[in-house]
Amino acid sequence: MQFLHPYRRFWLLGVERKKENCADMETTETALFLARAQFAFTISFHFLFPSFSIGLASYLAVLEGLWLWTKKQVYLDLFRYWVRIFAIAFAMGVVSGIVMSYQFGTNWAVFSDKAGPIIGPLMAYEVLTAFFLEAGFLGVMLFGAKKVGKELHFAATLMVALGTFISAFWILSVNSWMQTPSGWAVNHVGQFVPGPGGWLPIIFNPSFPYRLVHTVIAAYLTTAFAVGGVGGWHLLRANHTEAVKKSFSMAMWMAAIVAPIQIIAGDEHGLNTLKYQPVKIMAMEGHFQSHPEGAPLILFGIPDQVAQKVRYSVEIPKASSLILKHDLNAPLAGLDTVSRANQPPVAVVFWTFRIMVGIGFAMLGLGLWSVFARVRGKLYEWKGLHRAAVAMGPMGFVAVLAGWATTEVGRQPWTITGLLRTAQASSSIGTPGMIGSLTAFVIVYFAAFSAGTWYILRLVARPPHSGEPDSVPAPIRTAGTVPAMEGT
């Protein structure tokens, strides 16, 4: 190059420098993608366990309360059966959740710095009010019944159930603030801090009440269908014990009563999202184009973000306007009003939303089927209903993951909507480091949590029966006819 004309040499140097900058940019984008993939992978694993333990803790409290009230052995048997499974799920949820906090520092340092004054205290409140409550009373619930009375043991179970709800409260408050930030100000170093209104506008941000209700009900339904799936499995295998029939009946009542409530709560949450995050709704509905006189409801299709259209769409004319605006002719804006740089990945949001909604209506259908079977006196005889319950057993987990993907991917390209972009929130991490850590997480998670899940499946493979043994120490009996709650 030194023999070239000076201008020619300068031009070649510029080209080489431009190539280096492009290579650096590609490397940065790859590292960002891997950081996001790692967070999505770890939080997906983690989310499965709280979505189960929140509902299962409340189920255990109901079972123990019914046992104290009715003195029926069947409720104690079911409590002892499911409390072991709860202990394992709770432990796996704790272990998988610890990793999440470390990633804020390793992979998302800019986000932690910018949002730390708001996110940090809320996460600390979750530990101080919920985790300590759960961990402390969980020990009493599992090991303390020999040393405390039945009523005090029941109080400990209630506290564990309350702790799981409080944990959901704080975590969803954090997530909702990132979705619909309110009550914030910026300090002299560019960090988000509480504004003049204090913490209440931050905690109770516009989307928080709707997200809390929708998520907690989803956890209850996840547990109900898991319990119903286990009951259906044992009914198919002719294990018609009183405990099996009671658990199946309770699960089907939950499906029949709560699934319609969840559909209504989901609709209200959608209307709130339309108001505060309209771009997410555009992606969920597949509305690339604006509709000034009534928008169709696209049931199915293949979103093409490059062409900005949904190919091979199956539509119901004006139904989307009816659902979202309660008016057939109400106008709805489309993604053509949003720059492509601010559009989320439409295909992911479009399909995960439909998976979640489809499973929700399938849950409603199974609940109504169970009511019909109950009226006909065939709840424990109809094999088709039992097979459907087994098939729907894991669907609650699929639905919560699909709903999470809809919520989080629909927020992109923002980490904090309108305030901090995801590309600006990550740490300066090299691609090789991200590949190594992601690979390690995949190997360890599948090894550890597959073993835990396998053990849970082994436990539920045996039906609950009369005189279910204690989960921890050997059972003892009180002088009365009702067995004590020792060791549960």
Side-chain angles (χ1 to χ4, degrees), residues 49-50 52-94 126-169 216 219-220 223-224 226-227 230-231 241-247 249-251 253-254 456 459-460 462-488:
F49 301 113
F52 185 42
S53 60
I54 289 171
L56 193 54
S58 295
Y59 181 52
L60 290 171
V62 169
L63 289 173
E64 189 170 1
L66 287 172
W67 173 70
L68 290 172
W69 183 30
T70 65
K71 309 303 182 186
K72 290 183 178 180
Q73 174 72 25
V74 63
Y75 295 116
L76 177 60
D77 293 335
L78 286 172
F79 179 92
R80 289 175 169 172
Y81 181 83
W82 285 105
V83 75
R84 307 169 196 148
I85 296 162
F86 172 78
I88 299 168
F90 183 87
M92 291 196 290
V94 171
E126 190 267 340
V127 174
L128 292 173
T129 61
F131 185 72
F132 285 179
L133 187 68
E134 293 171 313
F137 283 99
L138 179 66
V140 177
M141 187 174 78
L142 292 176
F143 307 108
K146 285 184 175 180
K147 302 181 187 211
V148 301
K150 292 177 290 187
E151 290 77 10
L152 187 55
H153 188 274
F154 177 53
T157 305
L158 288 175
M159 290 301 101
V160 172
L162 177 62
T164 60
F165 176 81
I166 295 174
S167 179
F169 178 95
V216 171
Y220 290 155
T223 301
V227 172
V230 172
T241 65
E242 184 183 5
V244 168
K245 292 193 291 185
K246 179 64 69 175
S247 66
S249 176
M250 293 177 72
W253 273 126
M254 191 73 175
I456 288 176
L459 290 176
V460 300
R462 180 187 62 79
H465 54 78
S466 180
E468 189 74 27
D470 280 334
S471 56
V472 187
I476 59 174
R477 295 285 182 263
T478 57
T481 58
V482 180
M485 290 293 300
E486 59 295 317
T488 56

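Computed from a prediction, not measured in an experiment: that's the story for all the values here.
- Of the inter-residue distances, the one linking F86 atom CZ with T223 atom OG1 reads 10.0 Å to the nearest 0.5 angstrom.
- Of the inter-residue distances, the one linking I166 atom CD1 with L128 atom CG reads 11.5 Å to the nearest 0.5 angstrom.
- Sequence neighbours left out, the pairs with a member in residues 129-142 that pass side chain to side chain donor-acceptor pair (under 3.5 Å) are T129-W170.
- In this structure, V160 and F90 have side chains that are not in contact, with every pair of non-hydrogen atoms separated by 4.5 Å or more.
- Rounded to the nearest 0.5 angstrom, T157 OG1 and L138 CG are separated by 9.5 Å.
- Between V244 and P463 the shortest heavy-atom distance is CG2-CB, 3.9 Å.
- Within the 4.5 Å cutoff, side-chain heavy atoms of M92 are placed close to those of I88.
- When all heavy atoms of K150 and E64 are compared, the closest pair comes out as O-OE2, 4.1 Å.
- The two atoms that bring G93 and F49 nearest to each other are CA-CB, 3.6 Å, heavy atoms only.
- The CZ atom of F154 sits 9.5 Å away from atom CZ of F79, with the distance rounded to the nearest 0.5 Å.
- Taking both residues in full, the closest heavy atoms of R462 and Y81 are given as O-OH, 2.7 Å, listed atom of the first, atom of the second, then distance.
- Residues L133 and F137 form a side-chain contact, since some pair of their non-hydrogen atoms from C-beta on lies under 4.5 Å apart.
- A side chain to side chain contact (heavy atoms under 4.5 Å, CB included) with S247 is found for exactly one of V230, T241, L78, D77, namely L78.
- Across all their heavy atoms, A168 and I54 have their closest contact at CB-CD1, 3.9 Å.
- Side-chain atoms of Y59 and W82, non-hydrogen and from C-beta on, do get closer than 4.5 Å to each other.
- Panel note: side chain T70, backbone L66; a donor-acceptor pair is recorded below 3.5 Å.
- Taking all atoms of both residues into account, the shortest heavy-atom contact from Y220 to G55 is CD2-CA, 3.5 Å.
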Give the C-alpha distance, both sets of side-chain angles, the deciding distance and a yes or no for side-chain contact (heavy atoms from CB on, under 4.5 Å) between M254 and V227.
-> CA-CA 10 Å; M254 191 73 175; V227 172; over 6 Å; no
